[in-house]
Amino acid sequence: MLHQWTQEPSEAIALQKRLAGRVERRDRIGEVRLVAGVDVGFERDPAAPENILTRAAVVVLEYPTLTLVERVLHRAPTTMSYVPGLLSFRELPAVLEAFAQLERRPDLVMVDGQGIAHPRRLGIASHLGLWLDLPTIGVGKSRLCGRHDEPPAQRGGWTELTDRGEVIGAVLRSREGVKPLYVSIGHRLGLESSLGWVVACLTRYKLPEPTRQADRLASRRTLAERAGQRALSLNPSDTEPT
DNA sequence: GCGACAG
DNA sequence: ATCTTGTCGC
């Protein structure tokens, strides 16, 4: 499947403004048995180091056991550079290709990035939710916009993330002693429910299992890179043996 | 005009 | 996001 997305900032912004009105901020979700996690990473093309490849990772976990049941890693040429606020236009094409390769359709999707906690209320989690017509949640590791107080120190504590007089998300302490997570509505789930699902998928780490597993897959070193690392640790010297 | 700015 | 080794701490 080929998705030729707009690379024109003005067009992308206009589209975001139109789509934002279609995002559903209330619960519209059925029984959850499969939860997906999405994350994207980048790597240099081994064949042509001057080119950068986008790596879209999607994992599907069974709920509530959080057992991995499926995973897809899709590589595609990177078409657009990173522009704050237009992340989905850079990463979604590859993510959609990955979803197309999935055998099972998840009931809920957690995305590494913002949902409506975005200048035009259409972060990558919301954009993906609309495209797939699935409930989604934005789970970001840092802030794009909005203001907030420091969330309580204990696990599960959270404070509101507000912007222009509107609550656009929550800043959640997913683990003690670590930077909080930025949770926001993606699509078809309210904020309280979104927080509930994220907390329900937390184990012993900072990230909930869906995005943590997707993270591992997206940033996993390639076989060649791992071979290189082994060579380095065995060869404290400089050049690689040929 | 001056900062801020998911990944 | 990615480039990168060791290091401080539970």
Side-chain angles (χ1 to χ4, degrees), chain A residues 5 9 12-13 16 20 23 37-46 49-58 73-95 98 109-129 136-148 153 155 161-164 168-172 175-187 194 198 204-208 211-212 214-222 225-226 228-238:
Chain A
W5 286 50
I13 289 173
Q16 289 181 323
V23 172
V38 177
D39 187 36
V40 173
F42 299 88
E43 83 183 346
R44 248 189 275 278
D45 186 339
E50 67 275 18
N51 296 323
I52 302 299
L53 298 179
T54 295
R55 296 163 41 129
V58 178
L73 178 61
H74 179 80
R75 288 183 173 75
T78 303
T79 61
M80 195 182 147
S81 58
Y82 169 70
V83 177
L86 301 182
L87 182 70
S88 62
F89 293 84
R90 169 177 162 89
E91 304 187 344
L92 273 195
V95 170
V109 184
M110 290 189 194
V111 185
D112 189 321
Q114 315 295 334
I116 64 171
H118 174 282
R120 290 168 294 282
R121 309 293 184 257
L122 196 86
I124 188 169
S126 297
H127 202 163
L128 179 64
T136 60
I137 301 173
V139 183
K141 298 186 293 296
S142 62
R143 183 191 68 89
L144 172 58
C145 68
R147 297 159 46 78
H148 66 85
R155 184 180 194 270
L161 174 64
T162 63
D163 184 44
R164 286 180 280 154
I168 59 173
V171 187
L172 173 72
R175 209 201 137 156
E176 296 187 3
V178 300
K179 289 195 343 182
L181 257 31
Y182 291 78
V183 178
S184 59
I185 290 175
H187 186 48
S194 299
V198 170
R204 59 184 302 204
Y205 306 96
K206 169 182 177 176
L207 299 177
T211 45
R212 192 179 79 85
D215 236 72
R216 291 180 21 160
L217 183 56
S219 61
R220 181 170 150 190
R221 325 207 76 158
T222 62
E225 287 175 328
R226 292 202 275 183
Q229 282 296 308
R230 274 196 295 281
L232 273 181
S233 56
L234 294 175
N235 258 20
S237 49
D238 47 351

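Letters go in sequence order (proteins before strands), and every chain restarts at 1.
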Spacing between Leu53(A) atom CG and dA1(C) atom C1', to the nearest angstrom: 14 Å
Would you call Ile137(A) and Pro208(A) a side-chain contact if the rule is heavy atoms closer than 4.5 Å? no
Rounded to whole Å, CZ of Arg220(A) lies from C1' of dA1(C) at a distance of 19 Å
Any donor-acceptor N/O pair, Gln114(A) side chain to Gly169(A) backbone, under 3.5 Å: no
Is a donor on one side and an acceptor on the other found under 3.5 Å between the side chain of His118(A) and the backbone of Gly85(A)? yes
In whole angstroms, the gap separating P of dG7(B) from CG of Leu92(A) amounts to 14 Å
Which residues within residues 116-126 of chain A lie with some heavy atom under 4.0 Å of an atom in DNA chain B? His118(A), Gly123(A), Ile124(A)
Using atom CG of Leu87(A) as one end and atom P of dG7(B) as the other, report the distance to the nearest whole Å. 8 Å
Does Val109(A) offer a backbone N or O that forms a donor-acceptor pair with the side chain of Thr136(A) under 3.5 Å? no
Touch check for Leu181(A), heavy atoms < 4.0 angstrom, all strands: base, sugar-phosphate only, or nothing? nothing
Name of the residue among Ile124(A), Asp39(A), Val139(A) meeting side-chain contact (heavy atoms from CB on, under 4.5 Å) with Val111(A): Ile124(A)
In whole angstrom, give the distance that lies between atom NE2 of His127(A) and atom P of dG7(B). 18 Å
Should Asp163(A) and Arg143(A) count as an ion pair when the cut-off is N to O under 4.0 Å? no
Closest non-hydrogen atoms of Met110(A) and Thr211(A), given as atom of the first, atom of the second and distance, are O-CG2, 3.7 Å
So the stems of DNA chain B, runs of at least three Watson-Crick or G-U pairs (under 3.5 Å), are none
Could you check whether any side-chain heavy atom of Pro9(A) comes within less than 4.5 Å of a side-chain heavy atom of Leu86(A), counting everything from C-beta outward? yes
Are Tyr182(A) and dA6(B) stacked, counting the six-membered base ring, centres under 5.5 Å, planes under 30°? no
How is Gly85(A) classified with respect to the nucleic acid when contacts are heavy atoms under 4.0 Å: base, sugar-phosphate, or nothing? base
Arg143(A) side chain: which of dA4(B), dA6(B), dA1(C) is closest? dA4(B)
In this structure, how many angstroms lie between the P atom of dT2(C) and the CG atom of Asp112(A), rounded? 11 Å
So, is Lys141(A) near the phosphate of dA6(B), with a side-chain N or O under 4.0 Å from OP1 or OP2? no
Would you mind reading off the distance between Asp39(A) atom CG and dA1(C) atom C1', rounded to a whole angstrom? 9 Å
Could you check whether Tyr82(A) gets within reach of a base, just the sugar-phosphate, or nothing at all, counting any heavy atom under 4.0 Å? base
Donor-acceptor pair, Arg90(A) side chain versus Thr54(A) backbone, under 3.5 Å? no
Distances under 3.5 Å between protein N/O atoms and the N/O atoms of nucleotides 7-10 of chain C, please, pair by pair.
none

Within a strict 4.5 Å, meaning less than it, do heavy atoms of the Trp5(A) and Thr79(A) side chains meet? no
Sidechain-backbone polar pair: Arg55(A) side chain, Leu217(A) backbone, donor-acceptor under 3.5 Å: yes
Main-chain N/O of Ser184(A) paired with Ser194(A) side-chain donor or acceptor, under 3.5 Å: no
Below 4.0 angstrom from OP1 or OP2 of dG7(B), is there any side-chain N or O of Ser142(A)? yes
Rounded to the nearest angstrom, tell me the gap between atom CG in Asn51(A) and atom C1' in dA1(C). 17 Å
